[in-house]
> 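Have a look at the structure that comes next, please.
Please read all numbers here as calculations on a predicted model, not as lab measurements. All ligand and atom numbering here is 1-based and tracks the order in the structure.
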Amino acid sequence: MLTFVFTFIAIVFTLFGIYYLYAYNNAYYWKRRGVPGPISKNYFINFLEVLLNPNYNGCFLYRDWTKEYGPVYGLLEGSRKILVVADLKLAQDILVKEFEKFHARKVGALVPDMNKDKGVDVFLASGSRWKRLRTIMNPCFSVNNLKSLIPIMDDSCKVMMEFLEKPVKTKKPFDISKYYHELTMDVICRIAVGQKGTKQFDNPNVEMIKAILSRKGVEWLDDLAHMFPALGPYFFKFLLGFLVKFINLPGFHLMESIKKSIEEKKIEKANGITANTDFIGIFIDAEADSIKDEAFTKTSMKIEKKMNIEETVMNCFLFLIAGYDTTANTLAIVTWYLIQYPEIQEQLFDEIESCCPDDECTYDQLNQLKLCEAIIKEALRLNPIGTLVVSRRCVEPTTLGKIPIEKGTYVQVDVMSLHYDKKIWGENAEEFCPERFYDLSIEQQMAYFSFGAGPRICIGMRLTLMEQKLAFVKILKKYKMKKCSETSNECKLVGSVILGPENVMVEFENRK
Ligand code: HEM
């Protein structure tokens with residue numbers, strides 16, 4: 001027995017020692033290449049700094065380290081080698097010019113296998129598979145399709161206005177971001193997954209997606225998988241598969257309800273009941289069992305405009321996640337600025353009155369709201385809520401500047417630093433100044449990364465701008481939004497992947 005115990009202890013110590021040597025060696029990876037960067041006190045994982053700081057989003061850490069180490073530095077997240085870039089030329093090289101070498105994203109270890117799994121979404125996909133999915137999705141966001149979605153958005157906005165009457169009547173401050181979250185979930189469920197009619201304040205998906213985005217499920221498994229790559233993703237995927245039998249994971253329920261919606265939609269289509277404007281309709285039209293992707297090139301490539309059923313489910317799921325919190329948080333952030341700058345709010349009201357005189361507005365009228373668009377973009381410049389996803393994985397060895405980049409290395413654009421760079425945005429870089437968006441220099445246009453850049457730029461950008469404009473038209477035509485004693489003095493962002501204010505307390509005053 002004693003021999004067994006000693007052998008066991010010896011094995012554990014040996015394994016730990018081997019791992020420690022591997023991690024120690026890894027920790028100096030960037031240093032050996034002459035690239036500066038933080039070497040973790042525990043040697044192997046800058047990741048721990050991130051994990052131990054759940055309330056301090058990674059994008060703030062990247063910004064702090066840029067101040068300390070300069071615009072290009074290396075770090076480790078578990079075993080992952082990350083080059084952080086706050087240099088505009090390099091960022092453009094990665095996202096645009098050298099896209100063929102950086103067409104993959106930085107994604108978690110437990111996500112589906114791009115080459116083997118049948119269900120992969122456009123966000124996770126890379127190479128030919130990404131190009132095929134993106135090509136099929138583009139029609140969802142064409143001008144004609146966006147125009148056809150306006151009546152649905154308009155209806156959801158009207159319902160939000162009815163809900164808003166209650167807190168306004170009480171004349172007490174209230175948190176407007178709750179209403180925005182209900183609105184944006186309503187819109188995305190109606191246009192993406194075939195929800196019939198409105199479900200505001202009665203939509204279980206709101207809480208479900210909040211839970212998914214807050215990473216309170218089994219995301220620690222993903223972190224562990226990055227720290228112990230020698231165990232391989234299959235070990236952790238197996239563990240995940242085992243755990244989901246005991247843990248109530250919100251993602252799985254949502255997936256089931258999406259599958260049900262797809263089946264219903266297929267029956268409706270077979271009976272000629274529905275039009276093809278919603279996203280499921282467009283995806284179903286592309287449905288096929290066998291798909292053959294060609295080798296990836298940036299330009300010449302034959303694309304099969306087909307999608308299997310598993311991809312349809314995954315992409316509908318993605319749209320719910322990508323289109324809900326982002327839009328709601330931006331509406332909340334913009335509202336915070338509008339109540340801090342009442343004179344800008346009044347200019348916006350004048351613009352709305354002049355461009356959209358009636359209760360209902362058209363796509364072209366919404367397009368004329370230049371100040372509104374500038375306000376949204378400036379609020380997102382100062383508060384880039386999705387910057388962690390502006391990252392790529394190198395798929396072919398190359399050099400960036402003078403730094404050799406191995407296949408498999410990750411690059412992360414430090415959007416926060418670039419958006420506040422005085423050399424690019426001028427001395428007033430830290431101020432809220434929407435007019436700057438009327439006349440951006442080429443350099444400023446290239447340095448604006450709130451929606452990413454290059455071929456993988458946010459596919460939903462025009463949709464979210466349209467939805468937000470419509471929401472502000474409805475609200476500002478009826479109310480003045482005002483600061484109150486409970487309004488926070490700063491727009492402090494919280495969150496794990498997508499950032500947003502914890503709340504935005506406001507008071508509304510009737511205009512008439
Ligand atoms: C204010 C709202 C939004 C913000 C700030 C935002 C931001 C972003 C960012 C930063 C990216 C990464 C781009 C890159 O890597 O270069 C992205 C990608 C993406 N976004 Fe958005 N987004 C918003 C709204 C939406 C909406 C409404 C949808 C869909 C309904 C959407 C769908 C997507 C998808 C599918 C991708 C992945 C594109 C690809 O990999 O090809 N987003 N978004």
> Have a look at Ile191 and tell me which of Leu146, Leu149, Asn145 forms a side chain to side chain contact (heavy atoms under 4.5 Å, CB included) with it.
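Only one option passes, and that is Leu149.
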> Can a donor-acceptor pair be found between the side chains of Asp364 and Thr362 at a distance below 3.5 Å?
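Short answer, no.
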> I'd like to know if Glu360 and Lys158 make a salt bridge, using a cut-off of under 4.0 Å between side-chain N and carboxylate O.
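Judged by the 4.0 Å cut-off on N to carboxylate O distance, Glu360 and Lys158 do form a salt bridge.
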> Any luck finding a side-chain donor-acceptor pair between Thr335 and Tyr180 under 3.5 Å?
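Yes, side-chain donor-acceptor contact under 3.5 Å.
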> Do Asp154 and Lys474 sit within salt-bridge range, that is, some charged N less than 4.0 Å from a carboxylate O?
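Yes, this pair counts.
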> Tell me which residues fall inside the under-4.0 Å heavy-atom shell around ligand 1.
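Protein residues near ligand 1 are Arg105, Val122, Phe123, Trp130, Arg134, Ile188, Leu318, Phe319, Ala322, Gly323, Thr326, Thr327, Thr330, Ile385, Gly386, Val389, Val390, Arg392, Ser450, Phe451, Gly452, Ala453, Arg456, Cys458, Ile459, Gly460, Leu463, Thr464, Gln468.
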> Side chains of Ser156 and Thr198: any donor to acceptor distance under 3.5 Å?
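Not at all, the side chains of Thr198 and Ser156 share no donor-acceptor pair under 3.5 Å.
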